[in-house]
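Below, chain A is the first sequence line, B the second, and so on; all start at residue 1.
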Amino acid sequence: METNEIPGTGTQSRGYEEAEIPAVDLEDDVSTGTVAPRRRRGVSEWHQVGKHLLRNRGAVIGLLIIGIFVIGAVFAPVLTTHNPIQNNLTMRLQSPSTTHWLGTDALGRDLYSRMLYGSRISLNIGLISVVIGVAVGVPIGAISGFYGGKLDIFTQRIIDIMIAFPGILLAIIVVTVLGVGVQNVMIATGIASVPIYARLVRGSVLAAKEQSYVEAARAAGLGDASIVFRHILPNCLAPIIVQSTFQIATSILWAAGLGFLGLGAQAPMPEWGAILSDGRAYIRTAHHLTTYPGLAILFMVLGFNLLGDGLRDALDPRSRGN
Amino acid sequence: MSELLQVRNLEMSYYTEGGRVRAVDGVSFDVEQGEVVGIVGESGCGKTAVSLSILRLLPSPPAKIEGGEILFEGQDLVKLSGERLRRIRGDDIAMIFQEPMTSLNPVYTIGNQLIEAIRLHQQLEGKAARNRAIEMLKLVGIPRADEVIDEYPHRFSGGMRQRAMIAMALSCDPKLLIADEPTTALDVTIQAQILELMRELKERLHTAIIFITHDLSVIAEMSDRVLVMYAGKIVEQGSVVDLFHDPQHPYTQGLIGSRPSMDVERERLEFIPGSVPNPLHMPGGCPFHPRCSHAMEICRREMPGEKQGENEHGVRCWLHLDKSDDQARPLRAAVGAAEE
């Protein structure tokens with residue numbers, strides 16, 4: 001599940017080579033003033049990507065899975081049948097039934113309701129940790145790649161050290177420093193993904209900064225900041241988007257792992273990893289307490305990974321080849 | 001006419017792992033207002049290095065301007081601060097590059113990129129900037145400019161892109177336009193169109209142009225004055241008429257002789273034997289002497305100074321300078337005798 005390496009994107013040159021872009025070329029013959037018939041004016045690269053993505057079965061399934069979880073998370077108050085943190089000791093460890101669709105836990109709380117609210121926590125952790133990772137990692141990678149030299153060497157050695165730790169271990173270290181809790185888990189998984197973004201973006205920037213439009217921008221009098229953020233980074237977006245999709249999945253998994261270890265969400269918060277951990281003691285008598293949260297984690301991660309795979313193909317003109 | 005750009009003894013080197021490469025070695029020339037100066041030479045002779053030095057676009061390291069001055073309207077670009085230099089780039093001096101296919105950013109529309117340049121250097125915003133961009137696209141002969149402005153570069157053909165690049169370069173009324181092989185990547189018919197366009201625009205806008213190419217016929221068509229470069233040095237300069245009718249330097253003669261001609265019937269094209277010397281191991285004396293059919297003893301030892309002829313027709317060759325009989329001993333014969 002550690003999908004840090006993205007074949008086909010990464011440090012290779014960004015795939016905007018003209019020959020491979022299937023769009024219609026304006027074959028205008030200027031000498032005679034005739035013009036190719038007008039088609040799809042202002043069609044951007046993104047329309048093409050979207051179209052290609054929807055043709056990819058895996059990506060559509062991924063989108064559907066994510067969509068179901070997102071709807072569940074957004075409408076949790078409407079869709080739930082019980083209060084997710086209300087104990088009911090008379091209804092302990094019930095098997096799935098018509099009143100408790102997924103059964104109840106050791107304190108008699110409705111598992112279905114807890115899991116719906118849990119999807120809010122997991123999605124939040126996934127999104128916010130990626131925002132943190134991108135916000136910190138992308139500028140570091142961009143500046144490191146753009147300026148090069150000693151700054152680059154220094155930054156990259158620090159990144160090397162961070163990458164040497166497995167992400168989950170890095171997250172545990174950060175949580176240990178900051179203390180337990182959902183917020184700190186977000187920060188921890190975010191920080192743990194910073195080196196991945198920094199390395200990825202540095203590679204893309206190294207390739208993009210050699211393009212002649214960068215030289216042209218410099219010749220037009222643009223400053224370094226405009227060149228990096230307006231001209232180079234938008235051309236590095238594709239690998240960042242793909243990595244982010246995978247990273248959401250990874251962060252959710254890390255967060256569940258931290259929750260399982262008791263380092264994440266604290267009781268009575270219905271975080272999936274914590275539910276799984278609480279249910280572990282009853283795995284022989286009430287397996288639904290571990291099965292359903294486990295499946296939920298599995299499907300959410302699967303959904304993001306399928307989407308990520310589809311995006312990777314859709315954003316790479318070489319694999320689009322139509 | 002007054003001098004717009006004066007380059008004096010420009011020295012620029014690349015510091016590579018193999019050692020120091022003197023890419024530009026004591027180059028001096030002037031560009032007057034509204035004048036087209038062509039720089040011609042083989043690949044690796046330093047023509048692009050000169051043009052990039054003027055705008056200080058060379059990556060440093062490895063490149064370093066080590067001496068000389070580049071006076072643009074009296075201010076030395078070599079000493080200018082980054083901030084003031086940026087104000088000159090794109091505003092007073094604009095540049096067109098060899099690769100129209102990659103000189104436009106693929107993620108922005110043509111209009112976006114044009115408007116960015118216009119907003120940066122002219123106090124135009126919003127609608128006014130957009131109108132100016134459309135006006136520029138029309139000027140360079142792009143049909144349906146008001147619609148095409150919202151297109152992405154991948155929908156443009158090479159010729160259209162180069163027109164868009166020219167529009168961008170001219171959008172801020174530069175006083176000097178540096179065109180670095182603007183037609184090399186285009187096919188011949190488009191080349192002719194672009195050259196025609198540039199000539200037309202030059203007449204209309206009175207922009208001075210430094211035109212860099214390895215194509216002598218392009219130079220003959222475009223330029224008022226020509227600089228011939230070899231191994232980082234200017235070996236001959238003069239008006240386009242003087243240079244083509246009376247080339248003085250053996251290298252220039254060789255270049256002109258190796259063009260296909262319609263008048264003379266020839267089985268094979270003539271060529272200059274050998275290739276450009278490895279810049280890390282420049283031959284001593286005149287760098288052209290190993291390839292020169294007129295090479296003499298002195299050519300191997302000393303770089304000739306510049307001899308000024310009529311009409312500022314200058315040449316750096318021992319053939320045209322005073323030397324003793326001993327120094328004038330032909331090198332080829334001497335080498336041949338030694339071998340026998």
Side-chain angles (χ1 to χ4, degrees), chain A residues 13-48 146-149 208-227 230-238 317, chain B residues 52 55-57 59 61 82-83 85-109 113 116-117 120-121 140-144 147-161 163 165 168-169 171-172 178 189-190 192-193 197:
Chain A
S13 70
R14 285 297 314 119
Y16 285 110
E17 289 85 355
E18 330 303 323
E20 286 149 342
I21 289 183
V24 199
D25 214 27
L26 275 182
E27 282 301 339
D28 290 1
D29 187 347
V30 183
S31 58
T32 58
T34 57
V35 160
R38 203 181 110 188
R39 285 195 224 165
R40 290 180 301 161
R41 174 176 163 207
V43 176
S44 78
E45 188 72 12
W46 298 112
H47 287 87
Q48 302 260 336
F146 184 72
Y147 288 106
K209 78 169 178 179
E210 300 301 328
Q211 298 291 319
S212 30
Y213 57 78
V214 173
E215 199 173 30
R218 209 186 286 282
L222 265 68
D224 284 354
S226 319
I227 290 176
R230 271 187 52 77
H231 285 271
I232 294 181
L233 273 185
N235 281 289
C236 306
L237 264 189
Chain B
L52 292 178
L55 273 181
R56 296 238 313 262
L57 284 172
E83 180 57 38
L85 191 67
R86 272 207 297 283
R87 237 172 286 153
I88 287 180
R89 285 178 185 163
D91 196 5
D92 292 324
I93 306 178
M95 191 154 179
I96 314 173
F97 294 89
Q98 182 172 351
E99 278 298 330
M101 300 313 270
T102 56
S103 296
L104 289 160
N105 195 331
V107 304
Y108 294 113
T109 61
Q113 304 186 47
E116 181 182 40
L120 195 64
H121 294 292
V140 296
I142 288 182
R144 247 179 35 224
E147 293 176 19
V148 162
I149 189 167
D150 294 320
E151 295 283 7
Y152 286 85
H154 69 262
R155 309 204 50 216
F156 274 47
S157 61
M160 295 273 281
R161 286 184 206 202
R163 282 173 195 266
M165 286 306 295
M168 210 176 293
S171 62
C172 300
I178 301 174
T189 47
I190 308 294
Q193 288 176 16
L197 171 72

> When rounded to the nearest 0.5 angstrom, what distance separates CD in B:Gln98 from CD in A:Glu215?
Replying inline: 10.5 Å

> Considering all heavy atoms of both residues, which atom of B:Leu120 and which atom of A:Ala220 are nearest to each other, and what is their separation?
Replying inline: CD2-O, 3.6 Å

> Quick check: does any side chain N or O of B:Asn105 sit under 3.5 Å from a backbone N or O of A:Tyr213, one acting as donor and the other as acceptor?
Replying inline: no

> Can you say whether B:Glu83 sits under 4.5 Å from chain A via the side chain, the backbone, both, or neither, judging by heavy atoms?
Replying inline: neither

> Is chain A contacted by the side chain of B:Leu104, its backbone, both, or neither, given a heavy-atom distance below 4.5 Å?
Replying inline: backbone

>> Going by side-chain hydrogen bond (donor to acceptor under 3.5 Å, both in side chains), name the residues that satisfy it together with A:Ser212, two or more places apart in sequence or in a different chain.
In response: B:Thr102

> With only heavy atoms counted, which part of B:Met168 is less than 4.5 Å from chain A, the side chain, the backbone, both or neither?
Replying inline: neither

>> As an exercise: rank B:Arg56, B:Glu116, B:Met95 by heavy-atom pairs under 4.5 Å with chain A and give me the winner.
In response: B:Glu116

> How far apart are the closest heavy atoms of B:Met165 and A:Ala216, and which atoms are they?
Replying inline: CE-CB, 4.1 Å

> At a heavy-atom separation under 4.5 Å, does B:Leu52 approach chain A through its side chain, its backbone, both, or neither?
Replying inline: side chain

